[in-house]
Amino acid sequence: MKFSEEFEKRFADMLTHYPTKRSCLVPTLLYAQDEAGYLSDEVIAELAGRLELTELDVRNVISYYSMLTTKPRGQYNVQVCTNIACMLRGGEELLEHCKKKLGIGHKGTTPDGQFSLEEVECIGACSWAPAVQVNYDFHENLTVEKMDKVLAGYQEKK
Amino acid sequence: MADVNITVDGKAVKTPAGTLLIEACKSVGIEVPSFCYYPNLSLQGACRMCLVKVEKMPKLQTACTTVVAEGMIVTTDSDEIRQARKGMVELLLGNHPLDCPVCDAGGECELQDMTFSYGAAESKYIEPKNHREEQQWSPVVFFDRPRCILCYRCVRVCNEGMDVAALGVQNRGVSSIIAPNNEDHLECEECGMCIDICPVGALTSGSYRYKTRPWEMNHVGTVCTHCGDGCKTTLGVRRADTGMEIVRGDNRDKSGINNDFLCIKGRYAFDFANHQDRLTQPLIRKNGQLTPATWEEAFELIGKKFSAIREKDGGQAIGVIGSNHTTNEENYLLQKFARVVLGSNNIDHHRTADFPAFAAALRGRANATASMRDVYNAPAVLLIGNDPTEKHPLLAWQIRSNVRLHRSRLYVVNSQPIKLRRQAAGFQLIPAGAEGAFAAFLAGEDAALASLGGSKDGWTALRDKLKTEENLVIVFGSELREGDITALVKFGSAVPGAKFLALADYANSRGAADMGLYPDLLPGYLPVAEAGKFHQEWGGIPSAPGLSLPEMAESAKAGKLKALYVVGANPIARFGIDPFVFSKSFVVVQDMFLTETAVIADVVLPAANAYEKSGSVTNTSGDLQLVKKAGEVTGTKGDFEMIVRIADAMGFDVRQLVPFGRGTRADMGQTRGAQSGEADRHAVWLEANGLELKMSPFDPMAILDEIQRLVPGYNISRLALLSGNDQQTNFAASGPAVAQKPELIVPAADGLFRSGTLGRYSHTLHSVMENKDRQPSEEVAAD
Ligand code: SF4
Ligand code: SF4
Ligand code: SF4
Ligand code: FES
Ligand code: FES
């Protein structure tokens, strides 16, 4: 299992921040996922070994956090909030629209592997509801039309 | 720690600082309900059943995570509290299947009890319940997910208690589930701790599930008959066509040295007793075939043959082999029978540790043997050789718990990277066979370093460190023999308060040694030649050492050994003896099964096992405990009774053998059939009143009297023993012993899932081995 140099540097640094190795697990998982796209069996085994945990331990933590995934996702993960503020301001319609537009459902991935879709709980952007998060980018005060533009933007980026 | 004063429900409570509120309440008899709290496991605070009111604290507090503080005023029951707890139960019942009528836990379920106490039977939920079929995770462990109340006890006991970490929690919140380590199945030690600790019926065992209900069983506290550790176990028995069938084993009452610990063998491998191949009729060889016969016929034949051989060729023409699984009383009786009735010192057993050397080394030292409890409490433990996780699961548990709960320092010296190294403060790998050299090095012989490998400084540092320990418990495997043990004890005498523990492999290996199943040693390691109390008491016993087990085979081959009497042992398989050497000898075997030795016998007597008899056993650390009769298979007899009957058939006055008949007359009741409960009640009454039966020549208590009187180190409190406590025996006053041939010590091939003949006939152990692709014990010679 090979990670980038940057990952290795961060990892080595992180080990010095905590009294026990296992404390590094959550950030390490996030960095590993950013790099590998998802947390494969191989990644899990590697991290368990490095942090002296059982693979079960690592899986337990992954399953706790919805931002971590053990299945491959599209290049852009579209996360539509339908929690209370966004729901009141059209979040559910946005979700329905994305489903139709991308032709996939909740947790689905388009056949070309470009987009995945997810319905999520509050992402902390209630003041600008309805909000959508694509990977680490936020898109706020959305309408169906604006959403189309957002998606088109990513489509072009490839 | 200083004491703290608190008030609970108006009662003044004084308790050490640092105590958890829930424990403080318990100490004055106030029960605070709890699901997730479990003594000696880490705190979870997950279920919120233990909510109590603490004055000046704004909200209800969880008693299981609150530490007592001076002046606390606590209320454990009020409308507010009841309402809160009721709410918790209601939430738990939200998705609970409520299939109590078929659930294994029904009748002893903590959720049932709570629902009964707090009444949340009506639910406000109308959503359909989330069902999930039960899953089999291993031959032993089954999981019914909807019944789980997410208390995480199972996860914690497997991680912290067992150091196996096979169970975990996946997902979050309401969708949390308990998960096994290999996706849909477990790869683990199959101990069943998780099953027993589960407060509800979510985890169930392959051996007990759907079989019976708790109230349909009788529960008998006795001692596990597998390894040498002597776990207390409560066997659940119920009536069956063949007598009394054992259906469950656990130690939920936490009595005994093992608290609630049992390994797979103690918890599930009682099933050999119910095996269909059990012998239930005496067999006599007629025209070359073993043919069913009556007991009278069998005893008459044995009596006649043994008498004739004794008259004609003398006692030395008869050999006796005893067992590591029979009780102390049976072992004592057997060697007494050999020496007094047969006039022969040809008595031996399968030795798995050098107890004579150990006893000789500790002779004259008081408080020098460590009990199983000491291993849990000692500030430091040194372990040389053996792999307790595989061969002494309780010992391993005691060590782990001691390290975890008391921060004991563990030093491990082993030729393998054994699992206990994970708890060790120091672990040293040595070449196989160098254990003795290590003992010599400890005793000051620096030349021994050559065989140890590693740096001299490292070894010297370890020795110096060990010398600074106090009350060190030194545990060693059978790799150490003879002079190694002497050297180790010599080293230990320099460590203040050091105690020793020698590891032997079977349930009563220690008892067999202590009771004198040796050709050259009487009970208590007294050399046969030494004129002493046994000679006085028994009169005319031979004073020349007899034949050891291999020597008996030699003698039979030479045509000199005319008869062989084997009680609960399988020397043919265990020692790889050519069965034909006994073809001219008259062979009598008492066993449960037609073993390799039984098939060559002239008479086979169907024996009861340790779960089907009463008496006492001594575990490897010398803790003496009572075994009680739980199961019964019609058509078998205890070894004790059979030995007495053979003596009787030889025309011997059995009163000389068993000093019985000194009590008052009593109705013994019936031992089986419709009235069998009556006998039990009578025995219970006698026991409760401090009386003992001893009315019958088959009563082991009569022999226990003699053992206590004559065997050094066994003069323990009978009252404490009868009340179900373990009592430690010792070697302080034992005989000087005589040197033994080290090659006579043959370690058992047992492991975590293997248990000699018992293991061969255990369905549970077999299925676990098959599941793990380990070699089942069929292939392994058994004892
Ligand atoms: S049976 Fe024992 S080792 Fe296996 S999961 Fe349960 S507690 Fe852990
Ligand atoms: S399976 Fe049993 S012990 Fe484990 S969390 Fe569920 S209820 Fe608790
Ligand atoms: S540790 Fe030994 S005595 Fe205890 S249950 Fe297991 S086999 Fe039986
Ligand atoms: S409810 Fe959508 S961001 Fe908070
Ligand atoms: S027992 Fe206190 S929260 Fe579970």
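Here is the naming used below: chain letters follow the sequence lines, and residue numbers restart at 1 for every chain. Remember, predicted model here, so these are calculated numbers, not experimental data.
Among the residues in residues 393-422 of chain B, none has a non-hydrogen atom closer than 4.5 angstrom to a non-hydrogen atom of chain A. Using non-hydrogen atoms only and a strict 4.5 Å limit, the part of residues 175-202 of chain B facing chain A consists of Ala179(B), Pro180(B), Asn181(B).
The environment of Lys149(A) atom NZ is sparse: at most 12 non-hydrogen atoms of other residues, nucleotides or ligands sit within 6.0 angstrom. Lys71(A) NZ: 12 or fewer foreign heavy atoms inside a 6.0 Å radius. The local environment of CZ in Arg156(B) is crowded, with over 12 non-hydrogen atoms from other residues, nucleotides or ligands closer than 6.0 Å. Within 6.0 Å of the OH atom in Tyr64(A), the count of heavy atoms belonging to other residues, nucleotides or ligands does not exceed 12.
Counting all heavy atoms, side chain and backbone alike, Thr54(A) lies closest to Ala165(B) at CG2-CB, 4.1 Å. Taking every heavy atom of both residues into account, Gln170(B) and Ser63(A) meet most closely at CA-OG, 3.2 Å. The two atoms that bring Leu56(A) and Gly168(B) nearest to each other are CD2-N, 3.3 Å, heavy atoms only.
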